[in-house]
Engineer: 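The structure follows.
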Amino acid sequence: MAPRTRNPDSEWLALSAPDPVGIHRVWVQDQLARIPSGRLWLAVEADLVRSADAM
């Protein structure tokens, strides 16, 4: 697999994690990395069925 290049978007996302270097290590292995929300951005979790009904 070819190595991925870093870009401003992925750098910003990695920097929002407590361990940006660790995030890049996980990404290099083509895996998902857990990045907690709240430090640089907020996320909302909602029930799928209720959300679909609301739309």
Side-chain angles (χ1 to χ4, degrees):
M1 178 184 306
R4 294 183 177 164
T5 58
R6 294 184 180 190
N7 62 57
D9 298 331
S10 65
E11 286 300 314
W12 174 84
L13 185 57
L15 288 172
S16 68
D19 179 17
V21 174
I23 295 297
H24 282 291
R25 279 191 213 123
V26 171
W27 286 343
V28 166
Q29 296 173 10
D30 204 23
Q31 296 180 5
L32 297 176
R34 182 172 289 213
I35 300 175
S37 63
R39 185 168 161 225
L40 296 177
W41 54 281
L42 298 176
V44 175
E45 290 184 23
D47 179 75
L48 179 62
V49 175
R50 288 184 184 177
S51 298
D53 288 344
M55 290 191 292

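This structure is a prediction, so every number in the text was calculated from the model and none was measured.
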Engineer: Using the rule that Ile, Leu, Val, Met, Phe, Trp and Tyr join whenever any side-chain heavy atoms are under 4.5 Å apart, tell me whether Trp27 and Trp12 fall into a single cluster.
Structural biologist: yes
Engineer: Quick check: closest heavy atoms across His24 and Ala14, and the distance to 0.1 Å?
Structural biologist: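 That would be NE2-CB, 3.4 Å.
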Engineer: Of all the heavy-atom pairs spanning Val26 and Leu32, show the shortest one and how long it is.
Structural biologist: CG1-O, 3.3 Å
Engineer: According to side-chain contact (heavy atoms from CB on, under 4.5 Å), who are the partners of Asp47, at least two apart in sequence or on a separate chain?
Structural biologist: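 Listed in chain order: Val49, Arg50.
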Engineer: Determine which pairs satisfy salt bridge (Lys or Arg N to Asp or Glu O under 4.0 Å) with at least one residue from residues 11-22, sequence neighbours left out, and list them in order.
Structural biologist: Arg6-Glu11
